[in-house]
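The chain is numbered in sequence order, starting from 1. Please read these numbers as outputs of a predicted model, since none were measured by experiment. Both backbone and side-chain heavy atoms feed into the values below; hydrogens, waters and symmetry mates do not.
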Amino acid sequence: MAVGPPLVYADQAYSIVKRRDSTGFSRDVCAILLIANITRCFFWLGERFEFALLVQSVLMILAQLALLYICIRYRPTDSPEAHSSTSTRPFGFWQWKLYSQYIEFLAALIIVLTIAVLIFGRMQWFIAGIGFIAMGLESTLPLPQLYSNYKHKSLYGFQTSTLIGWVGGDSFNVDFMIVAQRFIYGNSPTTYMPADDDLEEALRLAEE
């Protein structure tokens, strides 16, 4: 479970290296996965979830850092960062020329999240908020690739295995949570457990 999702991008990386061209694959996919999984790791500090999912997030971060490096190394000559004046994004976000600039942004994100957790880490609304951000951001994963395919009017450069991995990975996660829910709680509905005060009151009334 922890290793599968990161391995989805192995074929995509191999294809880019083989062609020496990252045309067709949106680097914004890397941005979404990196930011979402870094945020999820901080969410784990306040709300412990399955340890396998935490390991999956760490491995996904490493996989996306490697994939991002490959995309930058073999980026097409007509990419926006090759001509800084053509970037329409604020501060040229995620269209920088150097790999180190991406690392600096991620390092800054980690520092900001660390400070925020130290200050607000005991507040439930904050923990729930970063969890919602991580989940909500990752739910937009296909959109940059969809836009890239529409822009180029082609699926060139985008591996079918990546799409299958997205669909299969989400399906597996849903099935895993359903099975885990049934394994832990069973199929019977949750029964009401009276509080100690209510139980004592019931016993007192029964004795009377």
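By the 4.5 Å heavy-atom criterion applied to side chains, Leu67 and Ile16 are counted as neighbours. Put simply, the side chain of Pro144 reaches to within 4.5 Å of the side chain of Ile32, judged on heavy atoms. The side-chain heavy atoms of Val58 and Cys41, taken from C-beta on, include a pair separated by under 4.5 Å. Looking only at side-chain heavy atoms (C-beta outward), Ile72 and Tyr102 come within less than 4.5 Å of each other. Looking only at side-chain heavy atoms (C-beta outward), Gln95 and Arg75 stay at 4.5 Å or farther from each other. No side-chain heavy atom of Tyr74 sits under 4.5 Å from any side-chain heavy atom of Asp21. Here the side chains of Phe120 and Ile127 are not in contact, with every heavy-atom distance at 4.5 Å or above.
Using cut-offs of 30° and 60° for the angle between ring planes, the Phe105 and Trp96 rings count as tilted. Relative orientation of the Trp166 and Phe158 rings is tilted, given thresholds of 30° and 60° on the angle between their planes.
Residues satisfying the ring pair (Phe, Tyr, Trp, His ring centres under 6.0 Å) criterion with Phe25, sequence neighbours excluded, are absent altogether.
Between the side chain of Ser139 and the backbone N or O of Gly136, at least one donor-acceptor pair lies under 3.5 Å. Panel note: side chain Arg73, backbone Leu68; no donor-acceptor pair is recorded below 3.5 Å.
Each of Leu143 and Val167 belongs to its own hydrophobic cluster when Ile, Leu, Val, Met, Phe, Trp and Tyr are linked at side-chain heavy-atom distances under 4.5 angstrom. In the hydrophobic clustering of ILVMFWY residues, with side-chain heavy atoms under 4.5 Å counting as a link, Ile110 and Leu59 come out together. Hydrophobic cluster membership differs between Phe42 and Val112, with clusters built from Ile, Leu, Val, Met, Phe, Trp and Tyr side chains linked at under 4.5 angstrom. Hydrophobic clustering of Ile, Leu, Val, Met, Phe, Trp and Tyr side chains at less than 4.5 Å, counting indirect connections, keeps Leu33 apart from Phe132. Hydrophobic clustering of Ile, Leu, Val, Met, Phe, Trp and Tyr side chains at less than 4.5 Å, counting indirect connections, keeps Leu53 apart from Met135.
With 3.5 Å as the limit, one finds a donor-acceptor pair spanning the side chains of Gln159 and Ser15.
Nearest heavy atoms, Ala31 versus Trp94: CB-CE2, 3.3 Å. The two residues Gly24 and Gln145 make their nearest non-hydrogen contact at O-NE2, 2.7 Å. When all heavy atoms are compared, the tightest approach of Phe126 to Ala116 is CZ-CB, 3.6 Å. Residues Leu34 and Ile61 share a closest heavy-atom pair of CD2-O, 3.5 Å. Taking every heavy atom of both residues into account, Gln12 and Gly157 meet most closely at NE2-O, 2.7 Å. When all heavy atoms of Arg27 and Cys71 are compared, the closest pair comes out as CG-CB, 3.6 Å.
Atom CH2 of residue Trp125 and atom CD1 of residue Ile130 lie 10.5 Å apart, to the nearest 0.5 angstrom. A distance of 9.5 Å separates CG in Leu118 from CG in Leu45, rounded to the nearest 0.5 Å. Here the CG atom belonging to Leu7 is positioned 9.0 Å from the CE atom belonging to Met60, to the nearest 0.5 angstrom. With rounding to the nearest 0.5 angstrom, the CG atom of Leu137 is 9.5 Å from the CZ atom of Arg40. Taking OG1 from Thr140 and CG from Asp28, the interatomic distance works out to 9.5 Å, rounded to the nearest 0.5 Å. In this structure, OG1 in Thr39 is found 5.5 Å from CG in Leu109, a value given to the nearest 0.5 Å.
For the pair Lys153 and Tyr150, the distance from NZ or CZ to the six-membered ring centre is under 6.0 Å and the angle to the ring normal is within 45 degrees. Geometrically, Arg48 engages Trp44 in a cation-pi contact, judged by NZ or CZ lying under 6.0 Å from the ring centre and within 45° of the ring axis. Both the sub-6.0 Å distance and the 45° axial angle are satisfied by Arg19 relative to the ring of Tyr156.
Screening residues 52-71 for ring-ring contact (aromatic ring centres under 6.0 Å, His included), with sequence neighbours left out, gives Tyr69-Tyr99.
Under a 4.0 Å N-O distance rule, the pair Lys18/Asp11 does not qualify as a salt bridge.
By the 6.0 Å contact criterion, CZ on Arg89 is enclosed, its count of non-hydrogen atoms from other residues, nucleotides or ligands being greater than 12. Heavy-atom contacts from other residues, nucleotides or ligands closer than 6.0 Å to CZ of Phe93 number more than 12.
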Intermediate values then yes/no, side-chain contact (heavy atoms from CB on, under 4.5 Å), Gln124 and Glu47: CA-CA 9 Å; Gln124 187 60 34; Glu47 186 71 33; 3.8 Å; yes

